[in-house]
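Start at 1 and go down the list; that is how both ligands and their atoms are numbered. On a predicted model such as this, the values are computed, not experimentally measured, just so you know.
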Amino acid sequence: MNSAQYISTRGGIRPVGFSEAVMMGLAEDGGLLLPAELPDCRAQLESWRKLSYSELAFEVMRPFIGNAMPEEDLSSLIQQSYATFRHRDIVPVVKLADQLYLAELFHGPTLAFKDIALQFLGNLFAYFLQRHGGCLNIIGATSGDTGSAAIHGVRGKPGIHIFILYPNGRVSPIQELQMASVADENVHCLAIKGTFDDGQRILKQIFNDLDFKRQYSLGAVNSVNWARILAQIVYYFWAAFRVQEQSSWKGSVQVAVPTGNFGDIFAGYLALRMGAPIHRLILASNENDILSRFFNTGEYAVGEVSPTLSPSMDIQVASNFERYLYYRCGKETGKVTELMKRFAAEQHISLTGSDPEFAAGSGNSSETLATIRKYHDLKGYILDPHSAVGVCVAEKYSLQEIPTVCLATAHPGKFPDAIAQALGDGTLARHPELSKLEGMPLRKTVIEANADTVKEFVESFF
Ligand SMILES: *Cc1c(COP(=O)(O)O)cnc(C)c1O
């Protein structure tokens with residue numbers, strides 16, 4: 001077994017290769033896919049720190065791909081995925097304060113960090129379809145950011161259609177424009193008459209209809225897809241190297257991560273296990289703090305989801321948490337299965353012991369606004385509300401000698417209401433790409449919130 005063979009966290013499938021893992025999304029036993037082994041990269045660190053972002057991505061990803069594609073194809077796929085970014089460093093790392101840095105992950109087409117993984121995933125899908133034939137119908141539900149990043153990952157790609165469900169009237173005008181202004185014929189925006197939870201429920205029902213799933217070759221783009229995690233491992237190495245370069249600190253650094261589904265920070269956890277120079281990860285949640293409560297008390301218990309200024313983190317049940325449990329349970333899939341079953345039945349589990357690789361905390365709305373104000377006043381830098389939660393929690397866990405880098409997950413121009421609340425003027429953080437969207441026509445279908453109606457809509461295209 002090696003790092004290009006994938007097993008399920010619940011132990012119920014035979015090992016599969018990279019391309020199968022990517023196309024499968026969720027494992028067929030209900031678990032999540034993980035590489036059977038993680039490579040140890042410590043001997044390569046010194047040569048890796050000299051590489052460009054795309055070169056580093058190639059080196060980090062290579063052991064996980066195996067013989068799924070020739071090396072030159074992987075290399076050109078990566079080049080192509082990051083050529084759409086607007087900054088020549090792809091992920092610039094900037095200094096925000098003494099011992100505090102930001103890794104700006106938002107220079108992709110939709111101005112949120114999800115582009116880093118979804119540009120790559122879109123190209124991967126197209127590559128595998130081209131080689132193995134067939135078509136793919138992606139169905140996803142979104143409360144905002146994922147939908148637009150997924151659409152921009154596959155727009156115009158032959159053999160692929162994408163259907164994105166979002167709650168009609170409940171996503172921000174900018175988010176709706178980023179999805180529904182896209183003119184490509186393979187993009188279908190379904191504004192459901194319901195909530196985001198209705199969208200997720202419909203998605204589950206559709207994917208549980210295995211005949212339908214097979215007949216229409218359904219694919220998923222949510223963060224259970226292994227390729228998304230893989231693409232995100234890269235920038236943890238990158239950010240740690242850049243901070244070491246810019247500070248006089250040669251040891252490992254702290255990384256603070258604004259967290260919702262535990263996808264982004266789980267990639268950081270794998271980077272740490274692979275030997276990236278990371279001292280520990282600082283998990284930052286907003287008022288929806290199931291994850292920070294878990295790392296501080298061992299209790300993993302669902303609460304009510306409440307809307308906050310950082311909507312992409314308004315999540316209580318984190319879909320990638322199971323992947324972490326696998327390592328926390330010493331890779332014993334039987335234990336993971338038992339815990340996940342108990343969680344499904346009782347909405348609650350508790351674990352003994354703690355994990356020194358994580359520190360965790362939450363930042364509420366007033367702290368988020370105060371953090372945005374603080375760095376605007378001090379540095380003229382405007383944080384988006386998600387990144388502000390990360391910075392606010394990072395400050396609580398800063399260590400004197402060890403620098404911390406916080407992941408900046410979105411451009412502030414995407415959240416003008418929060419910026420207006422913090423700074424009194426929402427136009428302070430405008431981005432030209434977003435201004436261009438104003439007044440563009442929307443291509444969307446308003447539709448009843450039930451699975452049959454959505455299935456009929458999908459069928460009508462074939
Ligand atoms: C999705 C998202 C997050 C949360 O990422 P997870 O992988 O779900 O933890 C944070 N910030 C922004 C802007 C996002 O779009």
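- With contacts defined as side-chain heavy-atom distances shorter than 4.5 Å, the pair T371/T368 does not qualify.
- Judged by the 6.0 Å distance and 45° axis criteria, R242 is positioned over the aromatic ring of W238.
- No more than 12 heavy atoms of other residues, nucleotides or ligands sit less than 6.0 Å from atom CD of E28.
- L51 places none of its side-chain heavy atoms less than 4.5 Å from the side chain of F58.
- At a 4.0 Å heavy-atom cut-off, the residues surrounding ligand 1 are F113, K114, D145, P258, T259, G260, N261, F262, G263, D264, S312, M313, H386, T409, A410, listed by chain and number.
- In terms of the side-chain contact (heavy atoms from CB on, under 4.5 Å) criterion, residue partners of R170 (sequence neighbours excluded) are, by chain and number, P167, T195.
- K414 has a carboxylate O that lies under 4.0 Å from a charged side-chain N of D145, or vice versa, which qualifies the two as a salt bridge.
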